[in-house]
Amino acid sequence: LMITGNFHDNLLLGYIEDVKQFLIGSGVKKSVVESEKSIGAIAKGVSDLWLNGVFSETFKMRVVQLTFEVEDVQAEESI
């Protein structure tokens, strides 16, 4: 994203939360959202929002894939 400093931290944290809520609202289990399985999708979603203001087809395809992921019990226990 080529962002330096911490000026945009609150905005980026908001984007991260928006992406996580989108994932959950799309049927991705919360334990999967909070696991390492979703890091790439969250990063892509934040990048999409930052650069374009909308989610890309690539992000949306990954969301569909994540809906089929098995729950990560360890991630659920750490929350």
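Note: hydrogens, waters and symmetry copies are ignored here, and every other heavy atom, side chains too, is used.
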TODO: Taking salt bridge (Lys or Arg N to Asp or Glu O under 4.0 Å) as the test, write out the residues that go with E17, two or more places apart.
DONE: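 Here no residue qualifies.
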[Y] reachable from [X] in the ILVMFWY side-chain graph, under 4.5 Å edges:
{"X": "L13", "Y": "W50", "result": "yes"}
{"X": "I42", "Y": "L11", "result": "yes"}
{"X": "L23", "Y": "I39", "result": "no"}
{"X": "L49", "Y": "I24", "result": "yes"}

- [ ] May I ask you to decide if A43's main-chain N or O and S47's side chain share a donor-acceptor pair within less than 3.5 Å?
- [x]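 Answer holds: no.
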Please find the pair of heavy atoms, one from [X] and one from [Y], that lie closest to each other, and give the distance.
{"X": "A41", "Y": "V19", "value": "O-CG1, 4.3 Å"}
{"X": "D48", "Y": "F59", "value": "OD2-CB, 3.3 Å"}
{"X": "K29", "Y": "E69", "value": "NZ-O, 3.6 Å"}

Task: Co-members of the apolar cluster containing F68 [side chain, <4.5 Å] - done: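 F68 shares its hydrophobic cluster with V64.
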Open item on the list: Would you say that more than 12 heavy atoms from the other residues, nucleotides or ligands in this model lie under 6.0 Å from the CG of N52, or not?
Closed with: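 Atom CG in N52 is crowded, with more than 12 foreign heavy atoms closer than 6.0 Å.
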Task: Non-hydrogen side-chain atoms of R62 and L66 separated by less than 4.5 Å - done: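 The answer is yes, as the side chains (C-beta and beyond) meet within the 4.5 Å cut-off.
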Task: Separation of Q21 CD from K30 NZ (nearest 0.5 Å) - done: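 K30 NZ to Q21 CD: 8.0 Å, rounded to 0.5 Å.
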Open item on the list: Checking E34 against K20 for the side chain to side chain contact (heavy atoms under 4.5 Å, CB included) test, could you report, in this order, the C-alpha distance in whole Å, the side-chain angles of both residues, the deciding distance, and whether it holds?
Closed with: CA-CA 8 Å; E34 297 297 335; K20 286 182 172 184; 3.5 Å; yes
Task: Residues V63, F55; criterion side chain to side chain contact (heavy atoms under 4.5 Å, CB included); working and verdict - done: CA-CA 11 Å; V63 171; F55 292 128; over 6 Å; no
Open item on the list: Just to verify, what does N6 make a side chain to side chain contact (heavy atoms under 4.5 Å, CB included) with, not counting sequence neighbours?
Closed with: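 Partners of N6 by the side chain to side chain contact (heavy atoms under 4.5 Å, CB included) criterion, ordered by chain and then number, come out as D9.
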Task: side chain to side chain contact (heavy atoms under 4.5 Å, CB included) evaluation trace for T58 with K44 - done: CA-CA 8 Å; T58 303; K44 178 62 176 160; 4.1 Å; yes
